[in-house]
Protein chains: 2
Amino acid sequence: MITLSQSTEDYLEAMLIISLERGVVRVKDLAAHLQVKAPSVVATTKRLVREGLVRHERYGYLELTAQGLQIAQEIYTRHKNLFRFLHLFLGVDEKTAERDACQMEHHISPETMGRIVQFLEFIEACPAEESHWIAAFRQFTATGTLPTYCTSPHGEASAYTRTSHTQGDTAMPPKTLADLPAGQQAEVARVGGEMALKSRLLEMGIVPGTKITVERVAPLGDPVEVTVRGYRLSLRREEAAVIVIKER
Amino acid sequence: MITLSQSTEDYLEAMLIISLERGVVRVKDLAAHLQVKAPSVVATTKRLVREGLVRHERYGYLELTAQGLQIAQEIYTRHKNLFRFLHLFLGVDEKTAERDACQMEHHISPETMGRIVQFLEFIEACPAEESHWIAAFRQFTATGTLPTYCTSPHGEASAYTRTSHTQGDTAMPPKTLADLPAGQQAEVARVGGEMALKSRLLEMGIVPGTKITVERVAPLGDPVEVTVRGYRLSLRREEAAVIVIKER
DNA sequence: AAATAAAGTTAGATGAGGTTAACATCCCCC
DNA sequence: GGGGGATGTTAACCTCATCTAACTTTATTT
Ligand SMILES: [Mn+2]
Ligand SMILES: [Mn+2]
Ligand SMILES: [Mn+2]
Ligand SMILES: [Mn+2]
């Protein structure tokens with residue numbers, strides 16, 4: 001069992017991703033993807049060829065060997081699972097979750113990775129309605145407010161729960177469609193987000209004043225199924241999150 | 001803001017730990033702790049002195065500066081929180097959780113770290129009785145069996161849920177006291193563990209045949225409060241885990 | 001088909017982080 | 001107070017991973 005450095009693992013992973021996107025892999029793609037200069041790619045590639053993980057035709061394409069492909073897939077799978085865990089479950093923002101996942105993927109044991117995958121499976125197998133707690137956790141990270149049935153052990157608030165809210169310390173209500181549990185109805189207050197997304201949503205009939213009912217929320221909050229003016233829509237979490245609501 | 005490599009961060013962390021344990025830090029302690037030869041310590045130390053994070057008296061002790069201490073503490077705090085998360089929540093075994101924590105501590109963003117700390121706080125603030133799901137997750141990791149109210153999304157079992165059980169595919173019942181939720185009663189089948197622990201437990205009256213009632217389980221399953229022969233005992237999770245039971 | 005642009009390679013340098021072998025210093029014990 | 005073992009330092013070397021500058025090969029224009 002060869003043991004690879006973080007850097008070389010990233011070369012393999014990048015080769016896999018590029019080959020999926022573009023079909024073939026060239027030195028400059030790899031250099032761009034890894035934010036590194038071409039000679040670095042050539043040097044590392046040589047080592048990988050020596051290890052039997054990569055083939056390289058002089059002045060031509062790079063290619064993963066069977067063994068290289070297998071390793072790359074393992075890394076990439078870890079990456080995707082970690083990302084899911086960080087972004088969908090812990091609620092870390094996309095960019096950061098992406099970066100962290102691509103770091104952690106090299107440093108996490110199979111045991112821990114296994115537990116995380118199991119945890120994701122567990123959560124996805126158990127409907128969100130049944131275990132209300134994910135929503136409660138989201139609420140907590142956003143506002144620092146615990147559900148009423150929770151008793152703070154030391155009465156101390158975490159230094160991390162510092163959502164620059166200038167408002168008083170009353171519990172803040174859910175604010176966007178992404179915060180609503182299944183079965184709730186709400187009125188659209190405002191649609192935020194980028195212009196492209198915004199107009200797509202407005203086109204669907206999601207305009208201020210519209211009443212939206214949340215029908216089902218997938219295990220990790222993605223996607224959300226809603227009813228708007230009698231139509232059934234399935235919204236991605238990112239979409240639901242830009243729809244500001246007044247709760248009723 | 002200086003950015004340090006994994007390796008140098010570990011030097012600082014090790015210095016903190018050694019100084020807490022032994023009072024002073026010497027080259028050979030550091031070498032032993034980091035599994036590295038003395039000249040490596042000297043070389044890295046020189047860099048750290050240059051950065052103003054460490055003081056070093058020739059042929060004498062090493063010492064963290066105020067700035068070095070602060071960084072070391074941050075790393076060590078991350079380490080401990082990650083360990084808690086991995087071991088107590090995800091259920092990764094101690095050794096592995098320790099190793100993984102000491103890797104992840106260098107590669108995790110403040111955002112993600114914050115979410116993890118919040119999650120631990122959240123879980124600890126919400127009594128286990130209320131949200132039954134942690135116990136259900138433990139059950140799942142141990143046996144691969146989901147609670148009845150859960151619906152497997154694809155009917156596929158994870159490759160990770162492979163508890164080398166030679167038995168049929170019937171759901172395996174909980175086996176040790178650590179697996180029991182609050183309110184359950186069970187009879188001791190066998191007491192395992194190391195001799196010292198074993199005899200301590202036997203002394204407490206925990207012998208095969210004894211009936212034990214689980215009164216309360218702390219948020220992460222540590223400690224467990226039980227009643228044995230009318231006595232109230234508080235057991236550490238590690239202790240409860242060596243008590244094999246027949247469920248009744 | 002020649003000229004030019006783009007992509008890839010080589011050479012040589014740098015710095016981190018590790019090693020072994022040899023030497024220097026400290027300190028305890030007789 | 002002088003040895004001798006433990007500890008620390010230096011020197012010389014290694015690999016990995018990156019860089020820049022200069023060169024070669026391939027691809028695209030004109
Ligand atoms: Mn990566
Ligand atoms: Mn990655
Ligand atoms: Mn570490
Ligand atoms: Mn650590």
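Residue numbering restarts at 1 for every chain, and letters A, B, ... go by the order of the sequence lines.
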Map B/Arg50 and B/Gln35 onto DNA chain C by nearest heavy atom, then report which one ends up closer to the 5' terminus.
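The answer here is B/Arg50.
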
Please list residues of residues 4-12 of chain B whose heavy atoms come under 4.0 Å from any atom in DNA chain C, ordered by number; otherwise none.
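Residues of residues 4-12 of chain B under 4.0 Å from DNA chain C: B/Ser5, B/Ser7, B/Thr8, B/Tyr11.
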
With sequence neighbours left out, what residues match [X] under side chain to side chain contact (heavy atoms under 4.5 Å, CB included)?
X: A/Val244; answer: A/Ala189, A/Arg190
X: B/Ala97; answer: B/Phe83, B/Leu86, B/His87, B/Val92
X: B/Thr77; answer: B/Asn81

Which part of the nucleic acid does A/Val36 contact within heavy-atom distance under 4.0 Å: base, sugar-phosphate only, or nothing?
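The residue A/Val36 makes sugar-phosphate contact but no base contact.
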
Could you check whether A/Ala43 gets within reach of a base, just the sugar-phosphate, or nothing at all, counting any heavy atom under 4.0 Å?
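If one applies the 4.0 Å heavy-atom cut-off, A/Ala43 turns out to touch a base.
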
Using a 4.0 Å cut-off on protein heavy atoms (strictly under), produce a 5'-to-3' string for nucleotides 4-9 of chain D with B for base contact, S for backbone-only sugar-phosphate contact, and - for none.
---SSB

Whole-Å distance between D/dC16 C1' and A/Ile2 CD1?
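So the CD1-C1' distance, A/Ile2 to D/dC16, works out to 16 Å.
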
Nearest-Å distance for atom pair NE2/P, residues B/His106 and C/dA16
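After rounding, the gap between these two atoms is 18 Å.
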
Sequence neighbours left out, what passes ring-ring contact (aromatic ring centres under 6.0 Å, His included) with A/His107? Give chain and number order.
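Result, ring-ring contact (aromatic ring centres under 6.0 Å, His included) vs A/His107: B/His107.
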
Ring pair (Phe, Tyr, Trp, His ring centres under 6.0 Å) assessment of B/Phe119 paired with A/Phe89
CA-CA 10 Å; B/Phe119 180 62; A/Phe89 170 64; 5.2 Å; yes

Give a yes/no answer on whether the side chain of A/Thr44 brings an N or O atom under 4.0 Å of OP1 or OP2 in D/dC16.
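No, A/Thr44 has no side-chain N/O under 4.0 Å of OP1/OP2 on D/dC16.
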
Just to verify, what does B/Glu51 make a salt bridge (Lys or Arg N to Asp or Glu O under 4.0 Å) with, not counting sequence neighbours?
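Counting only residues at least two positions away or on another chain, B/Glu51 forms no salt bridge (Lys or Arg N to Asp or Glu O under 4.0 Å).
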
Sort and list the pairs that fulfil salt bridge (charged side-chain N to carboxylate O under 4.0 Å, His left out) and have at least one residue in residues 82-98 of chain A, not counting sequence neighbours.
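Only A/Arg84-A/Glu124 qualify under salt bridge (charged side-chain N to carboxylate O under 4.0 Å, His left out).
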
Output a table of donor-acceptor pairs, distance under 3.5 Å, between side-chain atoms of residues 25-39 of chain A and any protein atom two or more places apart or on a different chain; print 'none' if there are none.
from	atom 1	to	atom 2	distance (Å)
A/Asp29	OD1	A/Arg22	NH2	3.4
A/Asp29	OD2	A/Arg26	N	3.4

